[in-house]
Amino acid sequence: MNAPSTLPADFLRSSIWAANLGADTLARVESEVLERSVPGGGVVCRKGSPVDYWVGVIEGLVKISSVSAEGKSVTFTGVRAGGWFGEGSVLRTTAWGYDAVALRDCRVALMPRATFHWLLETSIEFNRFLLEQLNERLSLFIGMLESDRLLEPEARVARCLASLFNPHLYPGGGRDLQISQEEIGYLSGVSRQRVNQALHVLGQAGLLRVAYGGVTVLDLPALGAFGS
DNA sequence: TCATTAAATTGTT
DNA sequence: AACAATTTAATGA
């Protein structure tokens, strides 16, 4: 069922930002990027700790969230295989402004801060990619401001899933995603029971197909616009 | 390959 | 939150 595990080098080459890099540039990046495994429930990076790397998800699913002083948790987004996060932190700050937690066993690629900045200074294509990625995330968060307060659980689940199929953030992801209803609950801030109901509503609407341990998106545009 | 068992996930209250 | 039903994964014959 699962694809054979991706080698770090293959993962880097399949990232869109790497598509137009020269061979020697790519070789240097490959030699400097590290790989690390994070068990399910483990912390990829913790709020307040130094930002030493830009992080790519090779395999698994990572939740980006923040916990308030009273212990209330807010999830910003999920990052699935193929996605990179932390560019804002690497660019502007020295400490992470949020937590990144592995929802299941993960393998992540770590690009050292220095490598990131070197790419930033040498590659126009890399800059173009960052501009697009930051823009995609901005519109994602703007949409969340609306959906978080105004929309019912069905729409929140719909948008949460749609965001995981964003072709700019997760290239080559296909239409299928292995994700449990519990994981969707963590990402969308909806109880698992409500996720279960919502998935059936969305399935009835023909927007997606639910399967054991995963979903298949049938109509991505409609999914992202559900409820508005 | 098949049957049995444990674990994970889903569906319902 | 708790429970039963279903699906998958693992194990050994």
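Here is the naming used below: chain letters follow the sequence lines, and residue numbers restart at 1 for every chain.
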> Do A:W84 and A:Y53 have ring centroids that are under 6.0 Å from one another?
Replying inline: no
>> Using a 4.0 Å heavy-atom cut-off to protein, can you give one letter per nucleotide of nucleotides 7-13 of chain B, 5' to 3': B if the base is in contact, S if only the sugar-phosphate is, - if neither?
In response: -BSBBBB
>> Just checking A:I124: does its CD1 atom have more than 12 heavy atoms from other residues, nucleotides or ligands closer to it than 6.0 angstrom?
In response: no
> side-chain hydrogen bond (donor to acceptor under 3.5 Å, both in side chains) with A:T77: which residues, sequence neighbours excluded?
Replying inline: none
>> Quick test of your reading: applying side-chain hydrogen bond (donor to acceptor under 3.5 Å, both in side chains), list the pairs with at least one residue in residues 205-227 of chain A, sequence neighbours left out, ordered by first then second residue.
In response: A:D176-A:T216
>> Between A:E183 and A:K63, does any side-chain N to carboxylate O distance fall below 4.0 Å?
In response: no
